[in-house]
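Below is one structure, written out as structure tokens; comments come after it.
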2 protein chains.
Amino acid sequence: MPDEVAVQAWRELSRQYATLSCALESALQEQHQLGMSEFEVLDRLVGAQDCTGLRMQELGEQIHLSQSALSRTVARLEKDGLVERQLCTSDRRGVFVHPTDAGRERHAAARPTHRAVINTTLGE
Amino acid sequence: MPDEVAVQAWRELSRQYATLSCALESALQEQHQLGMSEFEVLDRLVGAQDCTGLRMQELGEQIHLSQSALSRTVARLEKDGLVERQLCTSDRRGVFVHPTDAGRERHAAARPTHRAVINTTLGE
DNA sequence: GTACGTTAGTTGCACGTGCATTGAATGCGC
DNA sequence: GCGCATTCAATGCACGTGCAACTAACGTAC
């Protein structure tokens, strides 16, 4: 792969990401009072069938966010009453996170927006 | 395009961007004391054949950065002596930015790193 | 049991970013 | 000439992020 082609690919990747993440951020914020990271976390939590929730670590593997950023994102969600943190009994270092009813509702409301923005922006 | 396919595409895009931007950021910072945005600006400036430099506005069109972020990025580059700002005589609201010799050198040194990281990361 | 290295998650801090505002310069209508 | 909307760039401010340091809990060796 010649250098210039790779650089062009990077610029295209960069452009797409910037456009889409920006569109998602503002649409979710405006219509549902959710940041992109917040929605992403909520999306994974609701998507996980296990009712006990996910551990921070598992979330971290799925979402590209530093450990500290994830910790604060979950803290914001908890403050808004959308998720609950629960100490893991088997390994008391761990923390289970699971959505509340309000969290599930907010997610259900925001999901169509999320999907729509992705579809229209990627299909441009 | 079904929703789930689009969401998967977005997640893949997101993953690639996170991996590559993170790798670029740390490699450029560590080896050349340049942030990713700084390099990007320098890269455009050196790439522009026009010796008088580019206007802030033109830079803004090429780089996906808010106007304020761009302003500060150029300010950082100027503080490090890598670019110079010059008032535009025809339209005194405008500002021309052009690389200094030091800027050209730093860019020449950083460019191989930039290309290498992109090639290895995109080819994974 | 005690000590030690490792792992999970949180917090202090500095930094880059976006939004909104500001200030200066331009162009247009009159 | 005089206003007035618009454009370009810089700045105040709040916020999310990453890094490094920290605390707590676990596992192992002895």
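Aromatic rings of B/Trp10 and B/Tyr17 (six-membered ring for Trp) have centroids beyond the 6.0 Å cut-off, not under it.
Within 6.0 Å of atom CD in A/Glu12, more than 12 heavy atoms from other residues, nucleotides or ligands are found, so the atom counts as buried in its surroundings.
The two residues A/Gly81 and A/Thr100 make their nearest non-hydrogen contact at O-OG1, 2.7 Å.
Between the side chains of B/His32 and B/Thr113, a donor-acceptor pair is found at a separation under 3.5 Å. No side-chain donor-acceptor contact under 3.5 Å links A/Asp43 and A/His114. No hydrogens or angles considered: a donor-acceptor pair under 3.5 Å links the side chains of B/Thr73 and B/Arg76.
Look at CD on A/Glu30: it is 17 Å from P on C/dG18, rounded to the nearest Å. B/Glu25 has its CD atom 11 Å from the C1' atom of D/dT17, to the nearest Å. Between the CG atom of B/Leu87 and the P atom of D/dA10 there is a distance of 9 Å, rounded to whole Å. Between A/Lys79 atom NZ and D/dC15 atom C1' there is a gap of 12 Å when expressed in whole angstrom units. Going from atom CD of B/Gln29 over to atom P of D/dA20 covers 12 Å, rounded to whole Å. Distance CG (A/Leu34) to C1' (D/dG16): 15 Å, rounded to an integer number of Å. With rounding to whole Å, B/Glu58 atom CD is found 17 Å from D/dT7 atom P. B/Leu59 has its CG atom 11 Å from the P atom of D/dA10, to the nearest Å.
Comparing C/dA8, D/dT17, C/dT11 by their closest approach to the side chain of A/Gln57 singles out C/dA8.
B/Arg55 has no side-chain polar atom (N or O) that falls below the 4.0 Å cut-off from OP1 or OP2 of D/dT7. Between A/Ser71 and C/dT11 there is no side-chain N or O to OP1 or OP2 distance below 4.0 Å.
Taking 4.5 Å as the limit, every side-chain heavy atom of B/Gln67 sits out of range of all side-chain heavy atoms of B/Leu70.
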I'd like a table of atom pairs between the protein and nucleotides 19-21 of chain C - only N or O on both sides, under 3.5 Å - with the distance next to each one.
| residue | atom | partner | partner atom | Å |
| --- | --- | --- | --- | --- |
| C/dC19 | N4 | B/Ser68 | OG | 2.9 |

Detail all sub-3.5 Å separations between protein N/O atoms and N/O atoms belonging to nucleotides 24-28 of chain C.
| residue | atom | partner | partner atom | Å |
| --- | --- | --- | --- | --- |
| C/dT26 | OP1 | B/Arg92 | N | 3.1 |

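The backbone N or O of A/Arg55 lies less than 3.5 Å from a partner atom in the side chain of A/Glu58, making a donor-acceptor pair. The closest donor-acceptor contact from the side chain of B/Thr19 to the backbone of B/Arg15 lies under 3.5 Å.
Where A/Leu65 and B/Gly94 meet DNA chain D, the nucleotide closest to each residue was compared, and B/Gly94 sits on the side nearer the 5' end.
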